[in-house]
Every structure is written in structure tokens, then in C-alpha cells.
K.L.:
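Would you mind keeping the following structure in view while I ask a few things?
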Amino acid sequence: MDYITKNTKIYNIVSVIAMIVSAWIGAVAVNMFILPGNMISGGFTGLAILLNTVSTSLGFPISISLIYLLLNIPAVILCYRSISPRFIILSLINVVASSFFIKIVNLPPLFTDPILLVVFGGVLSGLSTIIALKVDGSTGGTDFVALYFSNRHGRAVWREVFIFNACMII
């Protein structure tokens, strides 16, 4: 592993592959566990699911993948200069790939038990995030906003992100 991190080209290739794998795992979590359990997750993914539910109930459904992509574009623009370009590019790869995979991954749920759906959905979502963070990227969304405020204003806003997620889920 030491050789990979020292060789920039190989590390960048491994990082891009990791971001795509992370996006696929996140999409599987959404489509196989979160949506079948009629749940929402935290962050921009959960907000996209919530907005999709609202738009569908109002009679003009907007796809989760499109909403997710549209929510992340302003965050990327806002953060581009205050966070490293490599972080932004890797995160953008994850966001675009996640949006694509959420649209095309159509796997049936493995369980009908809501507890199992919650547990497996949470574990896969967490794994997706860990893979992205391990190569110095993110899954986008509220990570961008929190890092922007941290870098720009010198204070962490993770508590506010947590409160936002809790309110959204409630």
C-alpha cells in the first residue's frame, strides 16, 4: 500500500476506482435497502429522497438521481476554491457516479423486515462513505458544506449538519 500512495499516478487511478465503487455501494444501499424500507438517509441523498417523495405526491415526480445531482452542483461551486481541487474532483466523480448508479441499479430488496433493511442500508451507506474518505474524497452533499464553513470561517459545523439530518429524518 505504501508504494501506491507514493506513486501519484497509481494513487489517483486507485482513488478514482474507489470513488466509483463507493458510488455503486451507496446506490445499492439506496435502491435495495433505504427505498424499499420507505426510509430516508441523511445528507443530500436523504434530501433528494424526501424531495422526490414530495414531488411525486404533488403529481410531478422528479427522479432522486436528478435531485441529488442538482443539489450537489451549487455545493461544488461554493466549495471549489476553499477545498483542495483533488478533493472536489474525486467527490464530483462520486456524486456523478452515484447519480448514475441510483438511476440504473435496479436490484430487488433482500429483506422485507424493516430492521434488516435499516441495518444493511446503514452499513452499506457507511461503507460507501468510508471508502470515499479513505482516498481523500467524499460522497458530496453536506460534507462539502461543512468543510466549506470549516475552511472559510474556522469553525466546525458538524453539529449543525447532524441537527439538519435529524430534523430531515424526523
K.L.:
Identify whether F162 and M39 are in the same connected component of the hydrophobic contact network (ILVMFWY, side-chain heavy atoms under 4.5 Å).
P.N.:
no

K.L.:
Checking side-chain polar atoms at under 3.5 Å, does N52 have a donor or acceptor matched by the opposite partner on Y68?
P.N.:
no

K.L.:
Would you say the side chains of S125 and S41 form a donor-acceptor pair under 3.5 Å?
P.N.:
no

K.L.:
Would I130 end up clustered with I93 when hydrophobic side chains under 4.5 Å apart are linked, directly or stepwise?
P.N.:
no

K.L.:
Do you know the tightest heavy-atom contact between T139 and N94?
P.N.:
CA-OD1, 3.7 Å

K.L.:
Decide yes or no on side-chain contact (heavy atoms from CB on, under 4.5 Å) for V95 and V76, but give the supporting numbers first.
P.N.:
CA-CA 10 Å; V95 165; V76 168; 5.7 Å; no

K.L.:
N31 side chain to N106 main-chain N or O, any donor-acceptor pair under 3.5 Å?
P.N.:
no

K.L.:
Determine whether I49 and F44 make a side-chain contact, defined as any pair of heavy atoms from C-beta on separated by less than 4.5 Å.
P.N.:
no

K.L.:
Mind checking the CD1-CG spacing from I83 to L78? Nearest 0.5 Å is all I need.
P.N.:
8.0 Å

K.L.:
For the CG atom of L69 and the CD1 atom of I64, what is their distance to the nearest 0.5 Å?
P.N.:
13.5 Å

K.L.:
So which heavy atom on I67 is nearest to which on A48, and how close?
P.N.:
CG2-CA, 3.6 Å

K.L.:
List the steps and the verdict of side-chain contact (heavy atoms from CB on, under 4.5 Å) for Y11 and D136.
P.N.:
CA-CA 11 Å; Y11 184 60; D136 302 322; 3.1 Å; yes

K.L.:
What are the two closest non-hydrogen atoms of F101 and A27, and how far apart are they?
P.N.:
CB-CB, 3.4 Å

K.L.:
As a quick check of understanding, evaluate side-chain contact (heavy atoms from CB on, under 4.5 Å) for C79 and I88, giving each step before the final call.
P.N.:
CA-CA 8 Å; C79 298; I88 293 294; 4.0 Å; yes

K.L.:
Hydrophobic cluster membership, with links at side-chain heavy-atom distances under 4.5 Å among I/L/V/M/F/W/Y: are L47 and I163 in one?
P.N.:
no

K.L.:
Minimum heavy-atom separation for L117 and G37, please, with both atom names.
P.N.:
CD1-CA, 3.6 Å

K.L.:
Could you tell me if the ring centre of F111 sits under 6.0 Å from that of F120?
P.N.:
yes

K.L.:
Given side chains that start at C-beta, do those of S63 and K103 come closer than 4.5 Å, heavy atoms only?
P.N.:
yes

K.L.:
Might you point out which heavy atoms bring L124 and V28 nearest each other, and give the distance in Å?
P.N.:
CD1-CG1, 4.0 Å

K.L.:
Measuring from I34:CD1 to N38:CG, what's the distance to the nearest 0.5 Å?
P.N.:
12.0 Å

K.L.:
Honestly curious: do L92 and L133 fall in one hydrophobic cluster under the side-chain, below-4.5 Å linking rule?
P.N.:
no

K.L.:
Where do G137 and M19 come nearest, in terms of heavy atoms and distance?
P.N.:
CA-CE, 4.0 Å

K.L.:
Can you tell me if F164 has over 12 outside heavy atoms packed within less than 6.0 Å of its CZ?
P.N.:
yes

K.L.:
Enter the distance from T45:OG1 to L50:CG here, rounded to the nearest 0.5 Å.
P.N.:
12.5 Å

K.L.:
Find out whether F33 and P109 are in side-chain contact, i.e. whether some heavy atom of one side chain is under 4.5 Å from a heavy atom of the other.
P.N.:
no

K.L.:
Do N12 and R86 touch side chain to side chain, with heavy atoms closer than 4.5 Å?
P.N.:
yes

K.L.:
Are any non-hydrogen side-chain atoms of I131 and V135 less than 4.5 angstrom apart?
P.N.:
no

